[in-house]
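Have a look at the structure that comes next, please.
Note on naming: letters A, B, ... go to the chains in the order of the sequence lines (proteins, then strands), and numbering restarts at 1 for each one. Keep in mind that the numbers below use all heavy atoms, side chains included, and drop hydrogens, waters and symmetry copies.
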Protein chains: 2
Amino acid sequence: MDRVFQRFAEQLTESTHRDAAQQSMAEVAAALKLSCFAYLALARRPGSAPNLISTYPPSWTAIYLQRGYESVDPVVRRAMRHPKPFRWGLGFEARSRSEAERALFEEAAKFGIRCGFTFPIHDDKGAIAALSFASDERRSAFERSLVEHAQSLRLIAAFFHAHAKRFWTIDRMVGGVMLSPREYQCLEWSACGKSAGEIGIILGIKERTAGYHLDNARAKLGVSSLRQAIVLLTESKSRK
Amino acid sequence: MDRVFQRFAEQLTESTHRDAAQQSMAEVAAALKLSCFAYLALARRPGSAPNLISTYPPSWTAIYLQRGYESVDPVVRRAMRHPKPFRWGLGFEARSRSEAERALFEEAAKFGIRCGFTFPIHDDKGAIAALSFASDERRSAFERSLVEHAQSLRLIAAFFHAHAKRFWTIDRMVGGVMLSPREYQCLEWSACGKSAGEIGIILGIKERTAGYHLDNARAKLGVSSLRQAIVLLTESKSRK
DNA sequence: TAAGCACCTGTGCAACTCCACAGGATGTGC
DNA sequence: GCACATCCTGTGGAGTTGCACAGGTGCTTA
């Protein structure tokens, strides 16, 4: 079992994409006979989409994200309220559950997500996430494993969250400055070695326009060369 | 306790220097009443110095490293043999201990390092390290904490190792490739926006020579433009 | 001794960057 | 309506990069 955790630590630390992180957690879940897992990081801004890394059935996760089900998920509600781990199942919080929440649970059940155990994550920066392990029915191996490894899984949840949040490269904040969508895009392509002419072809604009956006990016970042701008871009990417 | 581990995960993941990593572990040790800790990563090549991150008394660790005591440390010997955690104290492995090993233990005792608990780390890549918590005498709080948190501490050891080994990355390793001193230097200046002519003036070489080194750096890194090379340089710097 | 590596330097030239000038359109907030 | 931000496009020219050719020295290792 310790080789499993050792391997998880290595893989997660070295993961630079969400697929690798997902794989590292999937291996832990398999070794502990925990079926499937879902790590859900709630958006900072209400109404924005959360971020998910999961081995739940893709047909279910696609629907969940598309319909914004995190807003009517009683597991999420509970996880937001308190960082203490909890069990859930079909009768979970039945008395305080809305009709929409009940419908969500019934729909998830059709995809084999009927019961589970969730580790809420409230980090120092105010972000809230949850790591859940789910199953289609209560199995003694599943339960035994959770009890036996509860403390380790809490640590694993914390580390997974600390790494996973770096994958949400969303905003265009570079060197403390916000670039426009086009400026950011052109700078990214330049960092890939593309010339203004090539960027123009890629984005369907003139070479001159691509150059214009790169000029703007340099000016905003207060640097005199694209190379310096690219350093700032790369640094901001690795900080997230 | 979970806030302690949560905080540790955040701090360790975000640490870019050994001081930050040391601080993250020191806080865990303090919270668990585990006195001081020492993470020792053995060198791959026999005879080379190990790497140490520790809150042991600096007067002791300086002597330990200077005299190469890892080669006569029975704790290290045991940790190299098997990844199972173990306790040690003044009578540790007395029967198989050499005179030099006995002397080492007695010397450490003078610095207040008399007993402890060690988590050996054997990673997938063959590297061997050990995380130890030590004390000047056996205290019930120390023992109780170790028993209670043994499993978490094993995970913590694995994660600490996965992160700490990044600090020993040899200089001038960029994108998995080792650049020559001059190549690295010229690339660093280029990343600051300096042209080959300017680099030549700075380093007291001809513009042509600076360009030659930059050409070599690009070739070694397998990229076609300096911009791409600078991305790799910046990434490798932020990973250290 | 020969080979490999790192460092040094010269030439030429097409493509590209950086900086400067100029023009336009659209959408948003006050 | 006006100001601002973003996006779009044209011109010119000096300086620089990327790629190619060529030469050399000194040190280390098998």
(message) Side-chain N or O of A:R227 versus OP1/OP2 of D:dT17: is the shortest distance under 4.0 Å?
(response)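 So the side-chain polar atoms of A:R227 do come within 4.0 Å of the phosphate oxygens OP1 or OP2 of D:dT17, strictly under.
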(request) Select one nucleotide: of D:dT16, C:dC7, D:dC19, the one nearest the side-chain heavy atoms of B:S195. (result)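 Selected nucleotide: D:dT16.
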(request) Over 60° means perpendicular and under 30° means parallel, so classify the ring planes of A:F159 and B:F8, tilted if in between. (result) perpendicular
(message) If the threshold is 4.0 Å, N to carboxylate O, is there a salt bridge linking A:E99 and A:R102?
(response) yes
(message) Expressed as a whole number of angstroms, how long is the span from B:L226:CG to C:dT17:C1'?
(response)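 It is 12 Å, rounded to the nearest whole Å.
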(message) Using a 3.5 Å distance criterion without hydrogens, assess whether the side chain of B:R227 forms a donor-acceptor pair with backbone atoms of A:K194.
(response)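 Yes, B:R227 side chain to A:K194 backbone: donor-acceptor pair under 3.5 Å.
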(request) Quick one: closest heavy-atom pair of B:P85 and B:P120, and the distance? (result)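 Where B:P85 meets B:P120 most closely, the heavy atoms are CA-CD, 3.7 Å.
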(message) Check the phosphate of D:dG18 against B:R218, side-chain N and O only, distance under 4.0 Å to OP1 or OP2. Yes or no?
(response)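 Yes, because at least one side-chain N or O of B:R218 sits under 4.0 Å from OP1 or OP2 of D:dG18.
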(request) Look at A:T209 and D:dT9 and indicate whether a side-chain polar atom (N or O) is within less than 4.0 Å of OP1 or OP2. (result) yes
(request) Compare the minimum distances between each of D:dT17, C:dT9, D:dC8 and the side chain of A:I205, then state the nucleotide with the smallest one. (result) D:dC8
(request) Among C:dC18, D:dT6, D:dC19, find the nucleotide with the atom closest to the side chain of B:D215. (result)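 The closest nucleotide is D:dC19.
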(message) Can you identify which nucleotide, out of D:dC19, D:dC7, C:dA6, has its nearest atom closest to the B:P181 side chain?
(response)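 So the side chain of B:P181 is nearest to C:dA6.
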(request) Check whether any side-chain N or O of A:S180 sits under 4.0 Å from OP1 or OP2 of D:dA5, and answer yes or no. (result)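 So the side chain of A:S180 is outside the cut-off, no N or O lying under 4.0 Å from OP1 or OP2 of D:dA5.
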(message) Is there a side-chain contact between B:K206 and the phosphate of C:dT11, meaning an N or O under 4.0 Å from OP1 or OP2?
(response)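 It does not, given that no N or O in the side chain of B:K206 lies less than 4.0 Å from OP1 or OP2 of C:dT11.
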(request) Flag this pair as yes if the NZ/CZ of B:R97 is under 6.0 angstrom from the six-membered ring centre of B:F105 and inside a 45 degree cone about the axis; otherwise no. (result) yes
(message) So if I take every side-chain heavy atom of A:H213 and compare against D:dC7, C:dC7, C:dC18, which nucleotide ends up nearest?
(response) D:dC7
(message) For a quick test of reading the model: is some side-chain N or O of B:K220 closer than 4.0 Å to OP1 or OP2 of C:dA6?
(response)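 B:K220 to C:dA6 OP1/OP2: side-chain N or O found under 4.0 Å.
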(request) May I ask you to verify if any side-chain N or O of B:R208 is less than 4.0 angstrom from the OP1 or OP2 atom of C:dC8? (result) no
(message) Can you measure B:E183 atom CD to C:dA6 atom C1' for me and round it to whole angstrom units?
(response)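 Rounded to the whole Å, the gap is 8 Å.
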(message) Quick check on DNA chain C: between B:Y212 and A:G197, whose nearest nucleotide comes earlier from the 5' end?
(response)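 That would be B:Y212.
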(message) What's A:L214 touching, base or sugar-phosphate or nothing? Going by heavy atoms closer than 4.0 Å.
(response)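 Since no nucleic acid heavy atom lies under 4.0 Å of A:L214, the category is nothing.
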(request) Could you check how far CD of B:E207 sits from P of C:dC8, rounded to whole Å? (result)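 Roughly 15 Å, once rounded to whole Å.
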